[in-house]
Enquirer: 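One structure, pasted below without further comment.
Numbering of ligands and ligand atoms starts at 1, following listing order.
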Amino acid sequence: MPFTEDSQLDLAFDPSLIPQEIKDGLADGLHIRPLASTDYQRGHLQLLTVLTKVPDPGEDEWVQRFKLQQSSASASGSATSPAQYYTIAIISQETDKLVAVGTVLMEYKFIRGLGKVGHIEDIAVDANMQGKSLGKTIIAALTAVSEKAGAYKTILDCSGDNKGFYEKCGYKLAGVEMAKYT
Ligand code: ACO
């Protein structure tokens with residue numbers, strides 16, 4: 001399958017929010033961009049299985065979720081969206097498949113002068129592509145987008161096994177994660 005240029009895609013948000021130096025820093029054959037409306041067909045859900053169980057809702061439902069995220073990002077700064085979702089992917093140009101992905105969600109607060117906090121979620125790198133700095137690149141891109149969107153801080157939850165990875169990305173231990181699963 002030939003690589004699809006950004007100009008031919010319906011992207012989740014403006015790709016210029018991803019800093020050019022991050023795009024330029026990727027190895028040959030790799031491309032970083034916002035999630036696209038056709039990325040269901042580029043293995044988005046299969047990629048996420050390195051993270052957790054990912055039941056397949058079918059492409060129509062997947063596209064509905066994509067559009068929800070896309071409309072939230074385009075409503076940035078308006079009163080109509082309570083949060084913005086920015087999902088970023090790295091694509092192999094050889095296969096036109098996703099090899100890394102991650103999301104940052106912007107939360108609107110009352111504290112810190114109506115401040116915003118970026119929450120990084122669901123980082124996944126294809127098992128065959130781990131250890132090649134793709135995770136680090138996704139985190140750098142998400143952090144930059146979060147800061148451009150006005151975050152006074154960007155945070156995430158992770159297992160103890162991944163603490164060293166996030167430290168390599170410039171993050172510091174700053175609390176304890178609590179969860180109550182339904
Ligand atoms: N512990 C300590 N250091 C690590 C770890 C780890 N688990 N993983 C990578 N590193 C180091 C690397 O050695 C590298 O160090 P260097 O810069 O000195 O060379 C640096 O961190 C960057 O590593 P990358 O190559 O960018 O890491 P990778 O592309 O493999 O991505 C990731 C790391 C995202 C954890 C990947 O292994 C993965 O997808 N794992 C399965 C899913 C997962 O656990 N996702 C994170 C869940 S937490 C969340 O989503 C918020």
Enquirer: Salt-bridged, R65 to E61, with N to O below 4.0 Å?
Expert: no

Enquirer: Report, in ascending order of atom number, the atoms of ligand 1 lying under 4.0 Å from any heavy atom of L134.
Expert: 26 (O), 29 (O)

Enquirer: Go through it in stages, so that I can follow the logic: the residues are K109 and K116, the test is side-chain contact (heavy atoms from CB on, under 4.5 Å), and I'd like the CA-CA distance, side-chain angles, deciding distance and then a yes or no.
Expert: CA-CA 6 Å; K109 301 182 85 74; K116 294 185 213 169; over 6 Å; no

Enquirer: Is it the side chain (CB and beyond), the backbone, both or neither of K168 that lies under 4.0 Å from ligand 1, heavy atoms counted?
Expert: side chain

Enquirer: Quick one: does atom 19 (O) of ligand 1 have a protein heavy atom under 4.0 Å from it?
Expert: no

Enquirer: To check your reading of the model: name the closest protein heavy atom to atom 50 (O) of ligand 1, its residue, and the distance in Å.
Expert: I123 N, 3.0 Å

Enquirer: Please work out which of V125, T52, L156, I155 has its closest non-hydrogen atom nearest to atom 39 (O) of ligand 1.
Expert: V125

Enquirer: Closest non-hydrogen protein atom to atom 42 (C) of ligand 1, residue and atom name please, with distance?
Expert: V50 O, 3.6 Å

Enquirer: Taking only heavy atoms of K132 into account, list the atoms of ligand 1 that are under 4.0 Å away from them.
Expert: 25 (O)

Enquirer: So which heavy atom in the protein is nearest atom 5 (C) of ligand 1, and how far is it from that ligand atom?
Expert: F165 CB, 3.5 Å

Enquirer: Are more than 12 heavy atoms, taken from residues, nucleotides or ligands other than F66, located less than 6.0 Å from that residue's CZ atom?
Expert: yes

Enquirer: Show me the donor-acceptor pairs within less than 3.5 Å that the side chains of residues 17-24 make with the rest of the protein, sequence neighbours left out.
Expert:
| residue | atom | partner | partner atom | Å |
| --- | --- | --- | --- | --- |
| Q20 | NE2 | D24 | OD1 | 2.9 |
| K23 | NZ | P15 | O | 2.9 |

Enquirer: Whether the T154 and E147 side chains hold a donor-acceptor pair (N or O, under 3.5 Å, no angle test) is what I'd like checked.
Expert: no

Enquirer: Measuring to protein heavy atoms, does anything land under 4.0 Å from atom 14 (C) of ligand 1?
Expert: no

Enquirer: Regarding atom 1 (N) of ligand 1: of the candidates D161, N162, T103, which has the closest heavy atom?
Expert: D161

Enquirer: Does the side chain of D96 pick up a donor-acceptor pair with the side chain of T4 at under 3.5 Å?
Expert: yes

Enquirer: What I want to check is whether the side chains of S92 and T95 have a donor and an acceptor closer together than 3.5 Å.
Expert: yes

Enquirer: Taking both backbone and side-chain atoms of G131, is any N or O found less than 3.5 Å from an N or O belonging to ligand 1?
Expert: yes

Enquirer: Nearest protein heavy atom to atom 25 (O) of ligand 1, by residue and atom, and its distance?
Expert: S133 N, 2.8 Å

Enquirer: Just verifying a value: how many Å separate S71 OG and F13 CZ, rounded to the nearest 0.5 Å?
Expert: 14.0 Å

Enquirer: One residue to check: D122. Relative to ligand 1, which of side chain, backbone, both or neither has a non-hydrogen atom less than 4.0 Å away?
Expert: backbone

Enquirer: Within a distance under 4.0 Å of any heavy atom of A124, pick out the atoms of ligand 1 and give their elements.
Expert: 39 (O)

Enquirer: Identify which one of L11, D10, V63 satisfies the side chain to side chain contact (heavy atoms under 4.5 Å, CB included) criterion when paired with Q70.
Expert: D10

Enquirer: Determine whether the side chain, the backbone, both or neither of Y171 has a heavy atom under 4.0 Å from any heavy atom of ligand 1.
Expert: neither

Enquirer: Quick one: does V101's side chain get under 4.5 Å of I88's, heavy atoms only?
Expert: no

Enquirer: Counting only heavy atoms on the protein side, is anything nearer than 4.0 Å to atom 44 (O) of ligand 1?
Expert: yes

Enquirer: Among G135, A140, G164, which one has a heavy atom closest to atom 31 (O) of ligand 1?
Expert: G135

Enquirer: For atom 47 (C) of ligand 1, find the nearest protein heavy atom and state the residue, atom name and distance (0.1 Å precision).
Expert: L51 CD1, 3.4 Å

Enquirer: Linking I/L/V/M/F/W/Y whenever their side-chain heavy atoms sit closer than 4.5 Å, directly or via other members, would V104 and V117 fall into one cluster?
Expert: no

Enquirer: Could you find the nearest protein heavy atom to atom 38 (C) of ligand 1 and give me its residue, atom name and distance?
Expert: Q130 NE2, 3.4 Å

Enquirer: Using a 4.0 Å heavy-atom cut-off, say whether E167 meets ligand 1 through its side chain, its backbone, both or neither.
Expert: neither

Enquirer: Ignoring hydrogens and angles, state whether a donor on the side chain of Y86 or D14 is under 3.5 Å from an acceptor on the partner side chain.
Expert: no

Enquirer: Is atom 33 (C) of ligand 1 close to the protein, meaning a heavy atom under 4.0 Å from it?
Expert: yes

Enquirer: Identify, for atom 48 (S) of ligand 1, the protein heavy atom at the shortest distance, and state residue, atom and that distance.
Expert: Y166 OH, 3.2 Å

Enquirer: Would you tell me whether H119 and D157 have side-chain atoms, one donor and one acceptor, within less than 3.5 Å of each other?
Expert: no

Enquirer: Between L30 and M129, does the side-chain contact (heavy atoms from CB on, under 4.5 Å) criterion hold? Intermediate values first, please.
Expert: CA-CA 11 Å; L30 294 171; M129 296 294 281; 4.1 Å; yes

Enquirer: What protein heavy atom is closest to atom 51 (C) of ligand 1, reported as residue, atom name and distance in Å?
Expert: D157 O, 3.2 Å

Enquirer: Can you check whether K136 has an N/O within less than 3.5 Å of an N/O in ligand 1?
Expert: yes

